[in-house]
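Below, read A as the first sequence line, B as the second, and so on, with proteins coming before strands; counting in each chain starts at 1. In what follows, every heavy atom counts, from backbone to side chain, and hydrogens, waters and symmetry copies are set aside.
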Number of protein chains: 2
Amino acid sequence: MPLLMIKDLPRYECLLEAAKEFPDLDPSATEVFLHLLRTGDEAFRVVEAHLASHDITQGGFGVLMALWGNCRRGGGAALSPAELAGRTGVTRATMTGLVDTLERAGLVLRAPDPHDRRMMTVSITPRGEKRLRNILPDHFRQMAWLMAPLSENERRTLVRLFSKLLRRTAEDGGRSASEAVAAAR
Amino acid sequence: MPLLMIKDLPRYECLLEAAKEFPDLDPSATEVFLHLLRTGDEAFRVVEAHLASHDITQGGFGVLMALWGNCRRGGGAALSPAELAGRTGVTRATMTGLVDTLERAGLVLRAPDPHDRRMMTVSITPRGEKRLRNILPDHFRQMAWLMAPLSENERRTLVRLFSKLLRRTAEDGGRSASEAVAAAR
DNA sequence: CTATTCTGGTTAGCCTCCTAACTATCCGCC
DNA sequence: GGCGGATAGTTAGGAGGCTAACCAGAATAG
């Protein structure tokens, strides 16, 4: 999510002033929105840099985690590309490319599904699992380091507020947020 | 920031269990981290979709906002690509491509700098400004809609906690977070 | 049992983003 | 005044993301 808007977040007074010209501008909403995107982006870049030092991308890491997690919780050792795409929030076409890359690196294996000849199964290789176990401890430490400034109470608060926002984006099923905004006029 | 980890955030009990195997895993830190990335991603996608309906990308929008904002606050009507790259948090190489696209669409104009022949100046065209004024009201409404579930108090809290996290990622100047993590072992 | 429709994976083409290298220009220093 | 280092913009090459279109196989309708 690089390049969200501007790197230096505007001061609140600037937002108040801009709101005079744009009556639709809600200063506090804008401020928290910009902070959210900026903070998410920063956190994302930190872990992305860490993963890059282990020669793996965010996308590849997500796929490996999905496979490994599924395996560990007894869901079977393999998943179809469509299932992986659904779990990682990416299109099937993108998943093809990700699995290509991972397969080239020997971290993952593609095999035809014996029951349905349209389907493939993707499974993590021992090498992929080893790579993952190599990355994870640092990865966890990094998340802990990033969140260290927050007390347990503050963390609970954040999760609660995030959940509120996630319900917002998830709500109104087929109706997109744009439509909802348009309808509110 | 698409594909951050997994679409369905793990339940807290799962994190507690995983922490038994990985002593470095801080369950509450992991939980808030995942929620942060997920929420940021959702919010990002919402506005991205809205901007796409106006035939503009996040990157292009950021550039236009930087130019327009700079102009409005009396900083002059034009900025150099390097300056734009700095403000939007993108590399100079990326900015070349973004300005290319915007120039093709007639929203922006490139001109040589009269004082320094290495430099270019990028300025927003009337058409670009018109496009922006066309987008902004909906854009502001969208941010307000997304943040509507939060009270003013909750918004203040969020901004305060985000600021804490931003200080964390910005701190330790040259030293990267990875190194800090490594040093903490 | 055939025809239509649906579904899974891939391909093609585009955009954004990156790093690394290159070119042109400016600047400071001897 | 000229030479080396810094700086601005671009180019080249790669990866990830998307949509749209395609093809093979499966499911369903009649």
Residues in salt bridge (Lys or Arg N to Asp or Glu O under 4.0 Å) with A/E48, at least two apart?
none
Non-neighbouring partners of A/V159 that pass side chain to side chain contact (heavy atoms under 4.5 Å, CB included), sequence neighbours left out:
A/S163, B/E31, B/V32, B/H35
From D/dG16, D/dG9, C/dT16, pick the nucleotide closest to the side chain of B/P81?
D/dG9
Rounded off to whole Å, could you give me the CE-to-C1' distance for the B/M119 and C/dC26 pair?
9 Å
OP1 or OP2 of D/dG16 versus the side-chain N and O atoms of A/T57: is any pair under 4.0 Å?
yes
Residues in contact with DNA chain C, drawn from residues 101-110 of chain A - heavy-atom cutoff 4.0 Å:
A/R110
Start at the 5' end of DNA chain D and walk down; is the nucleotide closest to B/S80 or to A/H115 reached first?
B/S80
In whole angstrom, give the distance that lies between atom CE of A/M95 and atom C1' of C/dT11.
17 Å
State which residues pass side-chain hydrogen bond (donor to acceptor under 3.5 Å, both in side chains) with A/T91; sequence neighbours excluded, sorted by chain then number.
A/T94
Non-neighbouring partners of B/R92 that pass side chain to side chain contact (heavy atoms under 4.5 Å, CB included), sequence neighbours left out
B/A82, B/A85
Atom CD1 of B/I56 and atom C1' of C/dT16 are separated, to the nearest Å, by 14 Å
Restricting to side chain to side chain contact (heavy atoms under 4.5 Å, CB included), what partner residues turn up for A/D116, sequence neighbours left out?
A/D113, A/R118, A/M119
Roughly, in whole Å, what's the span from CG in A/D100 to P in D/dG14?
16 Å
Shortest side-chain distance from A/T94, nucleotide among D/dG17, C/dG9, D/dA12:
D/dG17
Report all interatomic pairs (protein N or O, nucleotide N or O of nucleotides 22-25 of chain C) with separations under 3.5 Å.
residue: C/dT25; atom: O2; partner: B/R118; partner atom: NH1; Å: 3.4

For B/T121, side-chain hydrogen bond (donor to acceptor under 3.5 Å, both in side chains) partners two or more places apart:
none
To the nearest 10 degrees, the angle between the two end axes of the helix from C/dC1-D/dG30 to C/dC30-D/dG1 (five pairs per end) comes to 10°
Between P of C/dG9 and CD of A/E83, the distance in whole Å:
10 Å
Could you state the atom-to-atom distance from CG of B/L98 to C1' of C/dC15 in whole Å?
9 Å
Below 6.0 angstrom between ring centroids: does that apply to A/H139 and A/F61?
yes
With sequence neighbours excluded, residues passing side chain to side chain contact (heavy atoms under 4.5 Å, CB included) with A/E83
A/L79, A/S80, A/R87
Nearest to the side chain of A/A82, which nucleotide is it out of D/dG9, C/dA20, C/dG8?
C/dG8
Of the non-hydrogen atoms in A/R110 and A/V99, which two are nearest, and what is the gap between them?
CZ-CG1, 3.5 Å
D/dC18 phosphate, OP1 or OP2: any side-chain N/O from A/T91 under 4.0 angstrom?
yes
Distance in angstrom units between B/E48 CD and D/dT19 P, rounded:
10 Å
Provide, to the nearest angstrom, the distance between the CG atom belonging to A/L51 and the C1' atom belonging to D/dA15.
15 Å
Might you point out which heavy atoms bring A/I56 and A/L102 nearest each other, and give the distance in Å?
CD1-CD2, 4.4 Å
Between C/dC18, D/dG17, C/dG9, which nucleotide gets closest to the side-chain atoms of A/R45?
C/dC18
What residues, two or more places apart in sequence or in another chain, satisfy side-chain hydrogen bond (donor to acceptor under 3.5 Å, both in side chains) together with A/R131?
none
side-chain hydrogen bond (donor to acceptor under 3.5 Å, both in side chains) involving A/K164 - partner list, sequence neighbours excluded
B/E154
